[in-house]
Amino acid sequence: MARDFFKRIIVAVNGSESSIHAAMYGIMMAKSYNLKMKAIYVVDTATIKFLSLNKFLIDEEKYSYEERLSSDGENYLKYVERLAQTKGLKIETELLSGGVYSEIVREAEKYEADLLLLGGNQGKSGKTSRSAASDNEKNILLSSKVPVLFVNKPEIDRLFKNL
């Protein structure tokens with residue numbers, strides 16, 4: 001069924017453990033059902049601009065911070081790419097910049113994804129709670145024309161290794 005229903009999936013990675021778990025889940029789906037997959041990371045330049053305009057960051061800090069975020073994003077995408085390669089998959093990756101939720105929603109539509117994967121947000125207890133959802137996650141759910149799946153699977157490491 002999934003082979004006919006899903007053809008392209010996209011996962012948003014932000015470096016959190018839950019987003020890496022979502023990437024692993026996506027890789028497992030792509031491998032199991034022969035799907036195309038893309039991983040994206042968004043450098044949050046909208047927040048950097050807001051902080052700069054409100055004098056929380058000076059120009060030198062702004063550029064340094066943006067460069068560090070870009071470097072982090074590239075590293076996270078390379079890591080996800082390597083994870084996919086361990087399962088014999090070649091995936092697309094892309095570093096984006098702008099507002100996080102708007103870029104994720106836009107890229108999911110542009111990629112013509114059938115499913116958008118996000119890491120499940122966990123509270124301190126390790127359980128997902130609705131109140132723990134970030135504003136970006138809420139905005140993605142409200143704005144996305146692509147179905148969204150929150151992945152919250154703590155044992156994903158073990159499942160991934162056994163695939």
Side-chain angles (χ1 to χ4, degrees), residues 2 6 8-33 35-48 50-51 64-108 111 113-144 146-163:
F6 297 117
R8 301 165 76 87
I9 57 175
I10 192 165
V11 61
V13 177
N14 64 10
S16 68
E17 183 178 25
S18 63
S19 75
I20 298 300
H21 285 176
M24 289 176 167
Y25 194 85
I27 291 165
M28 290 172 26
M29 284 182 69
K31 174 78 173 168
S32 297
Y33 301 113
L35 308 175
K36 292 186 180 197
M37 180 178 159
K38 183 173 189 176
I40 59 173
Y41 179 98
V42 180
V43 177
D44 190 357
T45 56
T47 298
I48 294 171
F50 172 81
L51 292 172
S64 173
Y65 191 59
E66 190 173 332
E67 285 176 7
R68 283 195 314 262
L69 287 176
S70 294
S71 177
D72 287 347
E74 289 172 4
N75 288 333
Y76 292 129
L77 290 173
K78 286 177 188 173
Y79 178 69
V80 171
E81 197 170 28
R82 285 192 306 270
L83 286 173
Q85 288 172 349
T86 67
K87 301 303 175 192
L89 288 175
K90 181 164 175 48
I91 65 168
E92 292 181 54
T93 62
E94 188 168 0
L95 183 71
L96 304 168
S97 61
V100 173
Y101 89 87
S102 59
E103 289 300 319
I104 291 171
V105 169
R106 184 179 0 265
E107 190 58 32
Y111 185 63
D114 300 302
L115 185 64
L116 167 59
L117 301 173
L118 300 173
N121 196 345
Q122 295 182 346
K124 291 181 182 175
S125 67
K127 295 181 180 175
T128 299
S129 69
R130 290 183 194 167
S131 62
S134 72
D135 287 340
N136 281 327
E137 292 167 335
K138 291 173 188 174
N139 286 328
I140 289 168
L141 283 173
L142 293 171
S143 304
S144 181
V146 173
V148 178
L149 175 65
F150 281 93
V151 177
N152 184 20
K153 202 154 182 73
E155 71 277 5
I156 195 79
D157 292 323
R158 180 181 52 78
L159 295 170
F160 189 79
K161 287 177 187 174
N162 293 330
L163 177 68

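In this text the structure is predicted, and so the values were computed from the model without any measurement.
To the nearest 0.5 angstrom, Met28 atom CE is 9.5 Å from Asn162 atom CG. Distance check: Ile9 CD1 to Met29 CE gives 5.0 Å after rounding to the nearest 0.5 Å. Between Asp157 atom CG and Glu17 atom CD the span is 7.0 Å, to the nearest 0.5 Å. Rounding to the nearest 0.5 angstrom, the gap separating the CG atom in Leu35 from the CD1 atom in Ile27 is 12.5 Å. We find the CE-CG distance between Met37 and Leu89 to be 8.0 Å, quoted to the nearest 0.5 Å. Distance check, rounded to the nearest 0.5 Å: NZ of Lys38 to CG of Leu77 gives 10.0 Å.
Between Ile104 and Ala12 the shortest heavy-atom distance is CD1-CB, 3.7 Å. Leu116 approaches Ser144 most closely through the heavy-atom pair CD2-OG, 4.4 Å. Listed here is the closest heavy atom pair of Gly120 and Ser18: O-CB, 3.1 Å. Nearest approach of Ile91 to Ala39, heavy atoms of both residues: CD1-CB, 4.3 Å. When all heavy atoms are compared, the tightest approach of Phe6 to Leu115 is CE2-CB, 3.8 Å.
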Would Met24 and Val151 count as a side chain to side chain contact (heavy atoms under 4.5 Å, CB included) if you check the C-alpha gap in whole Å, the side-chain angles of each, and the deciding distance to 0.1 Å?
CA-CA 10 Å; Met24 289 176 167; Val151 177; over 6 Å; no
Begin with the C-alpha distance, continue with both residues' side-chain angles, and end with the deciding distance and a verdict on side-chain hydrogen bond (donor to acceptor under 3.5 Å, both in side chains) for Ser16 and Asn14.
CA-CA 6 Å; Ser16 68; Asn14 64 10; 2.7 Å; yes
Is there a side chain to side chain contact (heavy atoms under 4.5 Å, CB included) between Leu83 and Phe160? Walk through the geometry before answering.
CA-CA 9 Å; Leu83 286 173; Phe160 189 79; 3.9 Å; yes
Should Glu107 and Ile10 be marked as a side chain to side chain contact (heavy atoms under 4.5 Å, CB included) after you check the CA-CA gap, both sets of side-chain angles, and the distance that decides it?
CA-CA 9 Å; Glu107 190 58 32; Ile10 192 165; 3.8 Å; yes
Start with the C-alpha gap between His21 and Tyr25, add the side-chain angles, then the distance that decides, and say whether side chain to side chain contact (heavy atoms under 4.5 Å, CB included) holds.
CA-CA 6 Å; His21 285 176; Tyr25 194 85; over 6 Å; no
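Of the possible polar contacts, none joining the Thr45 side chain to the Ser97 backbone as a donor-acceptor pair under 3.5 Å is found. Remark: side-chain polar atoms of Ser71 are not paired, donor with acceptor, to backbone N or O of Glu67 under 3.5 angstrom. Using a distance-only test at 3.5 Å, with no hydrogens or angles considered, a donor-acceptor pair links the side chain of Asp114 to the main chain of Arg8.
Enclosure of atom OH in Tyr111 by more than 12 non-hydrogen atoms of other residues, nucleotides or ligands within 6.0 angstrom is indicated. Residue Lys87 qualifies as enclosed at atom NZ: its count of foreign heavy atoms under 6.0 Å is above 12.
Between Lys161 and Arg158 the shortest side-chain heavy-atom distance does not fall below 4.5 Å. Residues Tyr101 and Leu142 fail the side-chain proximity criterion, which asks for heavy atoms closer than 4.5 Å.
We find that Lys78 and Glu81 are not joined by a salt bridge, their nearest charged nitrogen and carboxylate oxygen being 4.0 Å or further apart.
Partner Val80 forms a side-chain contact (heavy atoms from CB on, under 4.5 Å) with one of Val13, Asn75, Ile40 and no other, that one being Val13. Applying the side-chain contact (heavy atoms from CB on, under 4.5 Å) test between Tyr41 and each of Thr93, Leu95, Val100 identifies Leu95 as the sole match.
Residues meeting the side-chain hydrogen bond (donor to acceptor under 3.5 Å, both in side chains) test with Glu74, sequence neighbours left out: none. Every residue was checked against the salt bridge (Lys or Arg N to Asp or Glu O under 4.0 Å) condition with Glu92, not counting sequence neighbours, and none meets it.
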